[in-house]
Colleague: 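Quick one: this structure, given as structure tokens, is what I'll be asking you about.
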Amino acid sequence: MEKFMLIDGNSIIYRAFFAMQQPMTTSSGMHTNAVYGFTNMLLRLLEEEKPTHVMVAFDAGKITFRHSNYQDYKGGRQKTPPELSEQFPLLKDLLTAFGISHYQLEGYEADDIIGTLSLHAEQKGCEVIVISGDKDMLQLASEHVKIGLTRKGVSDIEAYGPAEVQERYGLTPAQIIDLKGLMGDASDNIPGIPGVGEKTALKLLHQYGTVEEVLEHTSELKGKMKEKIETHADDARMSKELATIFREVPFEATWDSMKYEGIQAATAVSALQKLEFKSILQRLDLSSAAPDGVLDHLDLDEAAGQQAEELAVTVIGEEEIAQLEAALPQIDVVHIESRGDNPHHASLVGIVLSAPDQYFFLTPETLKSEAAAPIRSWLADESIPKDGHDLHRADLVLFWDDIPFAGARFDIQIAAYLLDPTDSGQSLSVLAGRSGLPQLPEDETVFGKGARYKVPEADVLSLHLARKTATIRQLVPLQREQLEQNEMTSLFVDLEMPLSRILADMEKQGVAVNADELRALGKEFEGQINKLVTQIYELAGTAFNLNSPKQLGEILFERLGLPVDKKTKTGYSTSADVLEKLAPYHEVVQLILNYRQLAKLQSTYVEGLLKEIHPKSGKVHTYFRQTITATGRLSSQFPNLQNIPIRLEEGRKLRKVFVPSEQGWSMLAADYSQIELRVLAHISDDPRLKDAFLHDMDIHTKTAMDVFGVDREQVDSNMRRSAKAVNFGIVYGISDYGLSQNLDITRKEAAEFIAQYFDVFQGVRRYMDDIVTEAKKNGYVKTMLERRRYLPEIRSSNFNLRSFAERTAMNTPIQGTAADIIKLAMVHMDKALKDRKLNSRMLLQVHDELVFEVPADEMEEMKTLVPQVMKEALQLAVPLKADVSYGSNWYEAK
DNA sequence: GGATTCACG
DNA sequence: ACGTACGTGAATCCA
């Protein structure tokens, strides 16, 4: 059987060039990195695919037939860097030396040559494999034509036949050009329809099949999409044409000239020597050359696998479960691999359980099988301690697969976060490298990223996951020691690890959302938005994209000639504070502000929240992240439930849709009052600040009295507002400039305020000075519970960097200690609910607030218990205060 | 994918 | 003189 390998020379050499970060030159200074990458891939493909015929196709000339139809074709493309262009002749020479044919034809692209040849070859019953990095090629896939697309540079090839195209896109190969027609291709400057990306394009094609059919049925579409598609119908048709590979190139080379019979050793060696490719020369076992000087057998066994120590991985199928069961008593490290950012929607990929020197791999199917029941009970057993990486996530992923998980003891992701919260997004691979452990490939290398993610074969997968597990196993004692040295063991063991489990419980519980009411709110907003849009277009004298700051800026500052106050990197600033100043000049400005507000509520909260209602529970399940923030706070994703509107009434209404999940229950919310300023009073030991809280005074009024030297009765609303801004500024690490911006006063006035403040609150001034000094000395600052944040830039000679670090040094102990306190309260609250056998559930944390759902018969108890636990979370030199409220929904609990 | 804007504490 | 308030996440535009 003949097998024809067609390589898209341009595409591959480009990818090879950009995949190799380091420049690589011969001793004479000739760049060779792209040729090197290409050659490595070529040799591997020759060995793996064993083709009988090979051809490398290149683009020729600058003008192709496509340009005569569309002048801008490839217009957006960056000019080829000279370091790359000079490598084309080198590559062609090398191919010739190897005895591999290459071809180009004036007026055509490599795509067209490959399209034509693959068609010819297929018609004569030959198997074809096309190698390219360009997804356009997928249109050529057929029963006998496979498309090998490069993944991750050029190191990996993924083969697509029609079935794989179907699986990946839900399209036939012929529909790939329709896909391009709709979504375009920025790299070729194919326009497509603006605003239509892959997702929208696929949705349309799944419904209508082709570009033409989509255009035929625009009447069935609605909204902006309809508008866009109708106005850009011609672009779509033209884009489809541009994306279509031409398969009738007049071709002269003969079938025999493309025959591949092994590498011509003699010429290959001298060419490789010229390029100084020593490692390739070594790898090609030249002694195996046949008498005729042809290398028909390439020995390319790479040196890989030598660095990483060989692990004993046992793949556990249903038959081997007994073997695993016997080892369970020794197992203390688990790794749960999952796919997807949102753990509530992620899928299990594989599981490794490990005892010292032993690694057992299970597929998700095996873990879910009846035979694996003992393994599942082991996972669920809270009394069996388990170490791992991101066990919080593992818990959630398993939960949605109905596999309970408990007993997390040492989570190395949390440990890494505590050891350096600003450097915690690090992969296991990076952590391994830094600790001098054996190399671990990045997940991206093994799985591919984004749309190219693909679970590899079982042997590759099990080995990779076992290596990750081995890394975890080795990191645990190292981190334990470092935590101990930093006196953070208690923070880790008594606070963060218990909290991790509590957060997972809260997330699994979820918050019930009244979807009908949310949709009704959406209707209201929609009506108001439509009205505003009409009015704004009328006042502006033209329609434009209100969501585009660029277009809005042009309207306001050029068409309407309003004064420019602030600029951004890219143009005029149109942010709310700028617009507010412009409001008196033109009535359209206020309408725009109103539009912005409503559009935000609609897109982020109404539409965004509706999308997040989980199909299995009908609730929203946020994902609290414990290892993100630099200060120790939590963050919340998918959806973010820590930024639900409250400040303005229109938005605040959204809180009405957050309701108890059971009949007759209520929502209860309790929030700390002025926790950060109380923490500051404690840390700074400032007598006046402490005194204010000891007497539970209105802190902003009291600040105004002290700073302005007046009686309570003389404090007007403006003075209180200024004092409040100063208090905020103090917490943030004050600067006159920042305060002046916030209060819209001059810098000088702001500086005077600050000076007066520090005159009165001298303890605060001393704290600010001391903490900056301490940070400079140690390189880090700490919270009351020994949480650290490193501030290397505090020693910078760059004013900006240093100032930023100084403000951070002032703010982090305050914000971070407040975070410590509410985390403590959560741990204590969880225990109190259990001890008292209450059914009330903790649902949310919003930095200084905890939200619960509470059955009617527990309300009395909870009303006092929650604020009490919060107040007593940590003993300070001033009392903590927590206000509690409740109602039939989150809005009413105010 | 970066920049802008805006929701929260 | 320098030119930013501290900490987040999501939607949208646009190159």
Side-chain angles (χ1 to χ4, degrees), chain A residues 76-78 186-187 189 194-195 197 224 421-422 450 545-553 566-579 592-593 596-609 611-612 622-625 628-648 650-652 654-655 671-672 674-676 725-726 728-743 747 750 754 789 797-816 818-819 822 844-849:
Chain A
R77 186 172 277 192
Q78 294 261 321
S187 69
N189 209 31
K224 279 218 180 105
T422 56
N545 186 348
L546 257 171
N547 293 323
S548 162
K550 184 166 171 253
Q551 293 183 31
L552 178 61
K566 210 164 69 178
K567 287 210 146 199
T568 65
K569 278 181 210 164
T570 52
Y572 310 109
S573 170
T574 66
S575 59
D577 58 327
V578 172
L579 295 187
I592 292 168
L593 282 164
R596 281 254 177 97
Q597 192 199 332
L598 288 164
K600 175 84 176 183
L601 296 177
Q602 186 74 305
S603 67
T604 304
Y605 297 102
V606 176
E607 290 166 8
L609 220 44
K611 271 186 237 159
E612 294 292 347
T622 191
Y623 176 35
F624 285 113
R625 301 213 51 190
I628 294 290
T629 72
T631 55
R633 278 188 174 183
L634 300 177
S635 88
S636 160
Q637 299 176 329
F638 319 131
N640 181 354
L641 293 184
Q642 292 183 318
N643 70 346
I644 303 301
I646 190 166
R647 292 171 188 172
L648 300 172
E650 294 92 323
R652 190 174 195 159
L654 278 157
R655 295 189 169 219
D671 66 305
Y672 280 112
Q674 303 296 351
I675 186 166
E676 291 189 341
V726 172
F728 270 102
I730 291 294
V731 170
Y732 292 159
I734 195 132
S735 76
D736 48 12
Y737 185 84
L739 183 65
S740 74
Q741 289 295 299
N742 188 285
L743 282 178
R747 223 183 68 183
I754 295 167
R789 177 172 181 181
S797 56
N798 178 319
F799 174 86
N800 273 330
L801 293 178
R802 189 178 64 247
S803 304
F804 190 21
E806 286 170 0
R807 290 195 298 276
T808 310
M810 301 183 227
N811 170 264
T812 295
I814 302 170
Q815 190 183 119
I822 193 162
L844 297 174
Q845 187 252 47
V846 193
H847 310 307
D848 66 353
E849 174 186 16

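These numbers come from a predicted model, not from an experiment. Within every chain, numbering begins at 1; the chains are lettered A, B, ... in the order of the sequence lines, protein sequences first and strands thereafter.
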Colleague: Treat primed atoms plus P, OP1 and OP2 as sugar-phosphate and everything else as base, then score nucleotides 3-8 of chain B 5' to 3': B for base contact with protein heavy atoms under 4.0 Å, S for sugar-phosphate contact only, - for none.
Modeller: SSSBBB
Colleague: In whole Å, what is the span from the NZ atom of A/Lys566 to the P atom of C/dG3?
Modeller: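 Atom NZ in A/Lys566 sits about 16 Å away from atom P in C/dG3.
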Colleague: For the side chain of A/Asn547, counting heavy atoms from C-beta on, which of C/dC13, C/dT4, C/dG3 is nearest?
Modeller: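 So the nucleotide nearest the side chain must be C/dC13.
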Colleague: Nearest 0.5 Å, please: how far is CZ in A/Arg625 from OG in A/Ser636?
Modeller: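 One gets 11.0 Å once the value is rounded to the nearest 0.5 Å.
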Colleague: Any side-chain to backbone donor/acceptor pair from A/Gln637 onto A/Pro639? Under 3.5 Å, distance only.
Modeller: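 Side chain of A/Gln637 to backbone of A/Pro639, a donor-acceptor pair under 3.5 Å: no, none is there.
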Colleague: Give the rounded distance in Å between these two atoms: CD1 of A/Ile675 and C1' of C/dC6.
Modeller: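 About 16 Å, once rounded to whole Å.
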Colleague: May I ask you to say what A/Asn800 touches in the nucleic acid, namely base, sugar-phosphate or nothing, with a heavy-atom cut-off under 4.0 Å?
Modeller: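 Sugar-phosphate, backbone atoms only, no base.
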Colleague: Judged by atom type as modelled, is there a donor-acceptor pair below 3.5 Å linking the side chain of A/Ser740 to the main-chain atoms of A/Ala750?
Modeller: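 Not at all, since once roles are kept as given, no pair shorter than 3.5 Å links the two residues.
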Colleague: Check every strand shown and say whether A/Ala630 touches a base, only sugar-phosphate, or nothing at a heavy-atom separation below 4.0 Å.
Modeller: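 Sugar-phosphate: the residue A/Ala630, judged by heavy atoms under 4.0 Å, touches backbone atoms but no base.
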Colleague: Among the candidates C/dC13, C/dA10, C/dA5, find the nucleotide nearest to the side-chain atoms of A/Ala725.
Modeller: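 For A/Ala725, the side-chain atoms sit closest to C/dA5.
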Colleague: Check the distance between C/dG7's P and A/Ile730's CD1 and give it to me in whole angstrom.
Modeller: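 It is 17 Å, rounded to the nearest whole Å.
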Colleague: Any idea which of C/dA5, C/dC13, C/dG3 is nearest the A/Tyr737 side chain?
Modeller: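 Nearest listed nucleotide: C/dG3.
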Colleague: On DNA chain C, compare the nucleotides closest to A/Thr604 and A/Gly738; which residue's is nearer the 5' end?
Modeller: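 Looking at DNA chain C, the more 5' nearest nucleotide goes with A/Gly738.
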Colleague: A/Lys550 has a side chain; which of C/dA5, C/dA15, C/dG7 sits nearest to it?
Modeller: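 Closest of the options to the side chain of A/Lys550: C/dA15.
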Colleague: What nucleotide among C/dT8, C/dG3, C/dC6 has an atom nearest to a side-chain atom of A/Ile628?
Modeller: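 Side chain of A/Ile628 sits closest to C/dT8.
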Colleague: Reading DNA chain C from 5' onward, which residue's closest nucleotide shows up sooner: A/Ser635 or A/Gln551?
Modeller: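 Between the two, 5'-proximity favours A/Ser635.
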Colleague: Could you measure between the two C1' atoms, the one in C/dG3 and the one in B/dA7, and give it in whole Å?
Modeller: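 After rounding to an integer number of Å, I get 26 Å for this pair.
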Colleague: Rounded to whole Å, please give me the gap between CG in A/Leu844 and C1' in B/dG9.
Modeller: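 About 14 Å, once rounded to whole Å.
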Colleague: Can you name the ring pair (Phe, Tyr, Trp, His ring centres under 6.0 Å) partners of A/Tyr623, sequence neighbours left out?
Modeller: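 If we apply the ring pair (Phe, Tyr, Trp, His ring centres under 6.0 Å) test to A/Tyr623, skipping adjacent residues, the hits are A/His392.
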Colleague: Please give the distance between the P atoms of B/dA3 and C/dT4 as a whole number of Å.
Modeller: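 Approximately 14 Å lies between the P atom of B/dA3 and that of C/dT4.
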Colleague: Look up atom CD in A/Glu849 and atom CD1 in A/Ile675, then write down how far apart they are to the nearest 0.5 Å.
Modeller: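 One gets 12.5 Å once the value is rounded to the nearest 0.5 Å.
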Colleague: Find the distance A/Leu641:CG to C/dT8:C1' and express it as a whole number of Å.
Modeller: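 It works out to 14 Å between those atoms.
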Colleague: Would you say C/dG9 has OP1 or OP2 under 4.0 Å from some side-chain N or O of A/Gln637?
Modeller: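 It does, given that an N or O in the side chain of A/Gln637 lies less than 4.0 Å from OP1 or OP2 of C/dG9.
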Colleague: For A/Val731 and A/Glu676, work out which heavy atoms get closest and say how close.
Modeller: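 Distance-wise, the nearest heavy atoms are CG1-OE1, 3.1 Å.
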Colleague: Would you check if A/Asn742 and A/Phe728 make a side-chain contact, meaning some heavy-atom pair closer than 4.5 Å?
Modeller: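 Heavy-atom side-chain distance check fails, nothing below 4.5 Å.
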Colleague: Tell me which residues in residues 804-813 of chain A lie within less than 4.0 Å of DNA chain C, going by non-hydrogen atoms.
Modeller: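 Correct list: A/Phe804, A/Arg807, A/Thr808, A/Asn811.
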Colleague: Can you list every stem that DNA chain C is part of, counting only runs of 3 or more consecutive Watson-Crick or G-U wobble pairs with both distances under 3.5 Å?
Modeller: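 B:1-9 with C:6-14 - these are the stems of 3 or more pairs that involve DNA chain C.
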Colleague: Quick check: closest heavy atoms across A/Pro421 and A/Thr629, and the distance to 0.1 Å?
Modeller: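 Minimum heavy-atom separation between A/Pro421 and A/Thr629: CB-O, 3.8 Å.
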Colleague: Do side-chain atoms of A/Gln642 reach the backbone of A/Gln845 as a donor and acceptor pair under 3.5 angstrom?
Modeller: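 Such a contact is found between A/Gln642 side chain and A/Gln845 backbone.
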Colleague: For A/Phe799 and C/dC2, are the ring centres under 5.5 Å apart with planes inclined under 30°?
Modeller: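 Stack criterion not met.
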Colleague: Hey, does the side chain of A/Arg802 come within less than 4.0 Å of C/dC2's phosphate (OP1/OP2), counting only N and O?
Modeller: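 For C/dC2, OP1/OP2 do not have a side-chain N/O of A/Arg802 under 4.0 Å.
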Colleague: Name the atoms and distances for all side-chain donor-acceptor pairs under 3.5 Å in residues 797-805 of chain A, with sequence neighbours left out.
Modeller:
from, atom 1, to, atom 2, distance (Å)
A/Asn798, OD1, A/Asn800, N, 2.8
A/Asn798, OD1, A/Leu801, N, 3.2
A/Arg802, NH1, A/Ser796, O, 3.0
A/Ser803, OG, A/Phe799, O, 2.7

Colleague: Can you measure from CG (A/Leu641) to CG (A/Leu844) and round to the nearest 0.5 angstrom?
Modeller: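 Atom-to-atom, A/Leu641:CG and A/Leu844:CG are 5.5 Å apart.
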Colleague: Counting any heavy atom closer than 4.0 Å, what does A/Gly733 reach on the DNA or RNA strands: base, sugar-phosphate only, or nothing?
Modeller: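 The answer is nothing, as A/Gly733 stays clear of every strand by at least 4.0 Å.
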Colleague: Taking CD from A/Gln674 and P from B/dG9, how many angstroms apart are they, rounded to a whole number?
Modeller: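 Checked: the CD to P distance equals 12 Å.
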Colleague: CZ of A/Phe728 versus P of B/dG9: gap in Å, rounded?
Modeller: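 Checked: the CZ to P distance equals 9 Å.
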Colleague: Does A/Phe624 have any ring pair (Phe, Tyr, Trp, His ring centres under 6.0 Å) partners at least two apart in sequence or in another chain, and if so, which?
Modeller: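 For A/Phe624 there are no ring pair (Phe, Tyr, Trp, His ring centres under 6.0 Å) partners, ignoring immediate neighbours.
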Colleague: Does A/Arg789 contact C/dG7 through a side-chain donor or acceptor facing the base, at a distance under 3.5 Å?
Modeller: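 Checked by distance alone, the answer is no.
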Colleague: Report yes if some heavy atom in the side chain of A/Phe638 is under 4.5 Å from a heavy atom in the side chain of A/Glu612; otherwise report no.
Modeller: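 They are in side-chain contact.
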